[in-house]
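Basis for what follows: all heavy atoms, side chains included, without hydrogens, waters or symmetry-related copies.
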Amino acid sequence: WEPTFIPGLSNVKAAYAGDGFSYFLLESGDVLSCGGNYYGQLCTGDMEERDVPTTVTLPKKATKISAGGGHVMILLEDGAVMGCGNNGWGQLGVGDNSHRSSP
């Protein structure tokens with residue numbers, strides 16, 4: 001295995017890896033995701049896998065991202081936190097155990 005460049009990605013501030021999926025925080029505060037989406041962890045509004053980085057629609061710019069095994073938490077510029085993906089144990093902190101595919 002050799003590292004490979006990801007076509008079309010530029011101005012990446014940080015990259016994050018979960019279990020079979022990836023997130024990219026751009027210098028602009030925009031967010032892209034790709035990979036497995038079995039719990040909705042790509043925050044694309046569905047559970048379809050993505051083999052190229054896809055824009056995550058957020059209400060504000062992001063400043064940090066944390067990727068877990070099957071979920072992700074996104075810190076926005078105003079201090080709000082949004083999460084997507086596996087919520088089987090309530091790890092998204094939204095008061096239930098339903099998976100989320102949209103932030």
| said: Quick one, Asn37 with Phe21, criterion side-chain contact (heavy atoms from CB on, under 4.5 Å). Give me CA distance, side-chain angles, the key distance, then yes/no. | reply: CA-CA 7 Å; Asn37 198 21; Phe21 65 99; over 6 Å; no
| Worked verdict on Val72 versus Tyr23 for side-chain contact (heavy atoms from CB on, under 4.5 Å) | CA-CA 9 Å; Val72 65; Tyr23 266 75; 3.3 Å; yes
| request: With side-chain contact (heavy atoms from CB on, under 4.5 Å) as the test, would you mind laying out the steps for Ile65 and Leu75 before giving the verdict? | output: CA-CA 6 Å; Ile65 299 170; Leu75 177 64; over 6 Å; no
| message | As a quick check of understanding, evaluate side-chain contact (heavy atoms from CB on, under 4.5 Å) for Phe24 and Cys34, giving each step before the final call. | response | CA-CA 9 Å; Phe24 306 96; Cys34 61; 3.9 Å; yes
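A distance of 7.0 Å separates NE2 in His71 from OG in Ser66, rounded to the nearest 0.5 Å. Rounding to the nearest 0.5 Å places CG of Leu58 at 10.5 Å from OG of Ser102. For the atom pair CG of Leu26 and CG of Leu9, the computed distance is 7.0 Å after rounding to the nearest 0.5 Å. Taken to the nearest 0.5 Å, the CE atom of Met47 stands 9.5 Å off from the OH atom of Tyr39. Note: Cys43 SG to Arg100 CZ = 11.5 Å, rounded to the nearest 0.5 Å. Summarising the geometry, atom CG belonging to Leu92 is positioned 10.5 Å from atom CD belonging to Gln41; distances are rounded to the nearest 0.5 Å.
Listed by chain and number, the residues in a side chain to side chain donor-acceptor pair (under 3.5 Å) with Asp19 amount to none (sequence neighbours excluded).
By the neighbour-count criterion of 12 heavy atoms within 6.0 Å, atom CG of Asp96 is densely surrounded, having more than that number from other residues, nucleotides or ligands. When the shell of 6.0 Å around CD of Glu77 is examined, it contains more than 12 heavy atoms from other residues, nucleotides or ligands.
Heavy atoms only, all atoms of each residue included: Cys84 and Pro103 are closest at SG-N, 3.2 Å. What you find for Val56 and Ser33 is that their closest heavy atoms are CG2-OG, 3.5 Å. Of all non-hydrogen atoms in Ala67 and Tyr16, the two that sit nearest each other are CB-CB, 4.4 Å. Here the closest non-hydrogen pair linking Gly90 and Asn97 is N-ND2, 3.9 Å. When all heavy atoms of Thr63 and Leu25 are compared, the closest pair comes out as O-CD2, 3.2 Å. Looking at every heavy atom in both residues, Leu42 comes nearest to Glu48 through CD1-O, 4.1 Å.
Counting heavy atoms from C-beta outward, Val94 and Asn87 have side chains that approach closer than 4.5 Å.
Remark: the backbone N or O of Gly8 is not paired with any side-chain donor or acceptor of Ser10 at under 3.5 angstrom.
Each of Ile74 and Val81 belongs to its own hydrophobic cluster when Ile, Leu, Val, Met, Phe, Trp and Tyr are linked at side-chain heavy-atom distances under 4.5 angstrom.
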